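This report refers to the structure that appears directly beneath it.
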Number of protein chains: 4
Amino acid sequence: MARGLNKVMLIGHLGSDPELRVIPSGQSVANFTLATNESYKDSSGNLQERTEWHRIVAWGRLAEICQQYLKKGRQVYIEGKLQTRSWDDTKTGDKRYATEIVCSDMQMLGSAREGGVPQGGGNNAQYSQSGGGYSTPSSQPQQGGYQGSAASGSQAPEPDKDDLPF
Amino acid sequence: MARGLNKVMLIGHLGSDPELRVIPSGQSVANFTLATNESYKDSSGNLQERTEWHRIVAWGRLAEICQQYLKKGRQVYIEGKLQTRSWDDTKTGDKRYATEIVCSDMQMLGSAREGGVPQGGGNNAQYSQSGGGYSTPSSQPQQGGYQGSAASGSQAPEPDKDDLPF
Amino acid sequence: MARGLNKVMLIGHLGSDPELRVIPSGQSVANFTLATNESYKDSSGNLQERTEWHRIVAWGRLAEICQQYLKKGRQVYIEGKLQTRSWDDTKTGDKRYATEIVCSDMQMLGSAREGGVPQGGGNNAQYSQSGGGYSTPSSQPQQGGYQGSAASGSQAPEPDKDDLPF
Amino acid sequence: MARGLNKVMLIGHLGSDPELRVIPSGQSVANFTLATNESYKDSSGNLQERTEWHRIVAWGRLAEICQQYLKKGRQVYIEGKLQTRSWDDTKTGDKRYATEIVCSDMQMLGSAREGGVPQGGGNNAQYSQSGGGYSTPSSQPQQGGYQGSAASGSQAPEPDKDDLPF
DNA sequence: TTTT
DNA sequence: TTTT
């Protein structure tokens with residue numbers, strides 16, 4: 001009883017704006033995809049890059065923060081746990097599975113000038129599901145400026161529909 | 001380019017003995033499942049337990065060590081990265097996905113008296129895919145087997161379709 | 001503002017029984033040392049072992065659990081953050097520093113048969129400072145003690161000067 | 001034997017430019033400090049910020065990369081292990097200790113426009129001590145531009161001599 | 001000062 | 001399918 005570690009830590013870029021839903025119980029849920037890039041040398045010694053796509057889900061207050069502050073292209077640190085949901089495929093009767101990272105901590109990386117800027121807001125949010133909660137500095141006035149400039153930086157992965165495992 | 005973090009850390013118990021295969025290229029692959037347990041209080045305040053199952057895959061020398069030293073029930077620490085494979089479901093034409101943890105570090109936890117002791121061997125192995133590699137104390141002779149066969153390709157080959165999730 | 005990651009994850013064995021103190025504010029504090037072992041090959045190819053000692057500090061309810069369940073020799077997983085305290089060395093006037101891991105999560109590894117079993121109690125505790133908190137299976141009665149006293153301040157108070165490093 | 005986990009993961013800003021030395025054996029060593037920020041609410045409910053300073057040491061190729069690409073103020077992800085060195089204080093005869101993070105993986109966060117830009121080079125380096133090694137994209141010409149502009153971003157902590165535990 |  |  002009561003033992004086990006199930007931890008995931010990711011640094012990557014959002015492949016999509018977070019989608020926020022409110023489920024019947026009143027709970028907020030946000031979903032988005034995150035790309036982590038890895039480079040390696042292939043057998044010929046050439047530098048290759050592989051992108052791995054992750055499906056992130058956040059709940060409650062953290063869901064709302066993700067929806068408010070994160071945008072496609074933004075670089076973030078995500079901490080959470082693995083969870084595999086299953087359901088019956090009505091077409092085939094097979095059991096099907098989807099693995100997600102249930103987010104418990106999120107941090108925006110880079111500065112406000114970077115990709116994925118929220119409309120009209122400051123950024124640089126940090127949130128941990130447990131404990132301190134979230135806060136934006138109130139004594140630091142928003143300098144405005146980059147509303148609508150949500151340019152996906154060059155680092156931001158451009159998710160291709162056919163490449164996305166979701 | 002060249003940035004990103006994709007890390008998974010698990011402590012749990014093996015749900016099955018590792019299965020070792022050698023793929024046509026000569027690479028060894030081991031697969032096993034790992035259960036991580038989490039307890040929480042439900043809305044009525046009753047203690048509940050949830051088990052999450054993870055699909056672990058190890059390559060090369062590490063695969064062989066897993067197969068030799070790990071047994072169903074054994075408690076281990078696993079470090080690795082998330083990887084989602086996809087294939088076309090021939091029955092439906094749908095794209096299907098399976099997420100695995102590609103293991104890069106493994107440590108046996110607890111002592112030799114604990115579950116999952118290999119027949120006739122010592123245990124308490126530790127291995128890291130990168131760098132130092134694996135070693136058994138020299139006073140503890142190997143029971144023979146795969147010395148010298150530890151071919152470790154630079155990149156994981158394509159796992160075949162029979163490797164359905166769970 | 002409000003960004004940063006400061007995380008430590010250790011698996012090792014206690015070098016000493018935890019020492020529990022109650023500071024004037026009423027907060028419980030537990031201190032113990034943890035050894036993590038690493039093996040490597042030296043330049044001559046001989047297997048060497050290096051032990052690193054860590055100073056762990058736990059607060060509040062977690063401190064009490066550590067004191068109750070952990071014993072010298074017990075294998076544990078520790079998660080926490082780095083904190084360096086400083087004070088003036090009265091002998092020399094120099095500033096001195098001690099780095100500790102402030103524990104936020106602890107898990108006992110291995111089974112009850114293993115080293116460091118508390119006298120007369122069950123074991124296999126897991127605790128996370130944030131969220132769910134700690135619980136023993138209800139069928140396993142507590143041997144009395146600190147129910148209800150689990151005061152857990154939001155911030156760690158100032159540890160006193162006698163807490164010299166090691 | 002051969003068991004244990006000693007892992008540190010940090011996201012923070014450099015408090016100083018890395019200093020590179022070559023030790024008599026020919027090995028390169030880089031040292032720098034890293035600030036991780038944490039915000040919390042004090043007992044009065046006011047938002048407080050605490051900065052923790054870490055002493056980072058990198059060896060070999062990674063040391064050279066740190067020296068080349070990192071500058072004061074730059075945001076990075078650091079992975080490594082804890083190591084406490086000790087020596088005898090000749091003034092007092094006391095044993096003294098210093099804890100460092102021996103870096104095994106480093107990633108620059110944010111974009112090239114951010115603080116800590118190397119003179120005349122591109123950035124966005126990633127390096128892991130083990131395995132793949134380091135590489136800069138060669139097919140992506142340097143766009144020049146920000147040489148000498150190593151402005152510490154607003155996020156960059158201004159290390160105060162008296163605050164620095166090193 | 002731990003552990004194997 | 002694990003463990004306590």
Side-chain angles (χ1 to χ4, degrees), chain A residues 1-6 84 86, chain B residues 10-19 31-39 47 49-56 69-76 78 107-117 121-126 135-140 165-166, chain C residues 10-19 31-39 47 49-56 69-76 78 107-117 121-126 135-140 165-166, chain D residues 1-6 84 86:
Chain A
M1 191 133 304
R3 43 155 66 165
L5 178 69
N6 175 358
T84 299
S86 70
Chain B
L10 305 172
I11 293 175
H13 293 264
L14 276 83
S16 55
D17 288 358
E19 287 176 25
N31 289 280
F32 57 94
T33 55
L34 190 78
T36 56
N37 298 298
E38 178 189 18
S39 52
L47 192 66
E49 178 148 334
R50 184 180 357 232
T51 296
E52 190 67 37
W53 285 98
H54 310 271
R55 183 179 178 76
I56 314 293
Y69 289 90
L70 301 185
K71 286 283 169 196
K72 175 177 171 175
R74 180 84 206 203
Q75 190 184 30
V76 290
I78 293 289
Q107 287 183 41
M108 298 172 78
L109 301 175
S111 74
R113 271 144 271 135
E114 306 230 20
V117 182
N123 63 7
N124 281 46
Q126 180 199 46
S135 47
T136 31
S138 54
S139 57
Q140 206 176 266
F166 304 90
Chain C
L10 306 172
I11 293 175
H13 293 264
L14 276 83
S16 56
D17 288 357
E19 287 176 26
N31 289 280
F32 57 95
T33 55
L34 191 78
T36 56
N37 298 299
E38 178 189 17
S39 52
L47 192 66
E49 178 147 336
R50 182 177 1 230
T51 296
E52 190 67 35
W53 286 98
H54 310 271
R55 182 178 179 77
I56 314 293
Y69 289 90
L70 301 185
K71 287 282 169 199
K72 176 177 169 174
R74 179 85 207 204
Q75 190 184 30
V76 290
I78 293 289
Q107 287 184 41
M108 299 171 78
L109 301 175
S111 74
R113 270 145 272 135
E114 306 230 20
V117 183
N123 64 8
N124 281 46
Q126 178 198 45
S135 48
T136 31
S138 53
S139 58
Q140 208 175 264
F166 304 90
Chain D
M1 193 134 303
R3 44 154 66 167
L5 177 70
N6 176 358
T84 298
S86 70

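Lettering follows sequence order; numbering is per chain, from 1. All values below come from the heavy atoms of this structure, side chains included, with hydrogens, waters and symmetry mates left out. In this text the structure is predicted, and so the values were computed from the model without any measurement.
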Considering only heavy atoms and no angle criterion, is a donor-acceptor pair shorter than 3.5 Å present between the side chain of B:N37 and the base of F:dT4?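 Looking at the base of F:dT4, it does not pair with any donor or acceptor on the side chain of B:N37 (distance under 3.5 Å).
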
In whole Å, what is the span from the [atom1] atom of [X] to the [atom2] atom of [N]?
{"X": "B:L10", "N": "F:dT3", "atom1": "CG", "atom2": "P", "answer": "17 Å"}
{"X": "B:L109", "N": "F:dT4", "atom1": "CG", "atom2": "P", "answer": "13 Å"}
{"X": "B:L14", "N": "F:dT3", "atom1": "CG", "atom2": "C1'", "answer": "11 Å"}
{"X": "B:Q107", "N": "E:dT2", "atom1": "CD", "atom2": "P", "answer": "20 Å"}
{"X": "B:E52", "N": "F:dT1", "atom1": "CD", "atom2": "C1'", "answer": "13 Å"}
{"X": "B:R55", "N": "F:dT1", "atom1": "CZ", "atom2": "P", "answer": "16 Å"}
{"X": "C:H13", "N": "E:dT3", "atom1": "NE2", "atom2": "P", "answer": "7 Å"}
{"X": "C:R74", "N": "E:dT1", "atom1": "CZ", "atom2": "C1'", "answer": "18 Å"}

Quick one: are C:F32 and C:L70 in side-chain contact, heavy atoms under 4.5 Å?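 A side-chain contact under 4.5 Å exists here.
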
So do the side chains of C:V76 and C:Q107 get within less than 4.5 Å of each other, counting heavy atoms only?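 Result no, sub-4.5 Å side-chain heavy-atom pair not found.
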
Are the side chain of B:E52 and the backbone of A:T84 linked by a donor-acceptor contact shorter than 3.5 Å?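 Checked: pair present.
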
B:T51 side-chain proximity, nearest of E:dT1, E:dT2, F:dT2: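 Between E:dT1, E:dT2, F:dT2, the one nearest the side chain of B:T51 would be F:dT2.
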
Of the candidate nucleotides F:dT1, F:dT4, E:dT2, which contains the atom at the shortest distance from the side chain of B:E49?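 From the listed options, F:dT4 comes nearest.
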
Residues B:L14, B:K71; criterion side chain to side chain contact (heavy atoms under 4.5 Å, CB included); working and verdict: CA-CA 7 Å; B:L14 276 83; B:K71 286 283 169 196; over 6 Å; no

Going by centres under 5.5 angstrom and planes under 30 degrees, do the aromatic ring of B:W53 and the base ring of F:dT2 stack?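 Base of F:dT2: not stacked against B:W53.
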
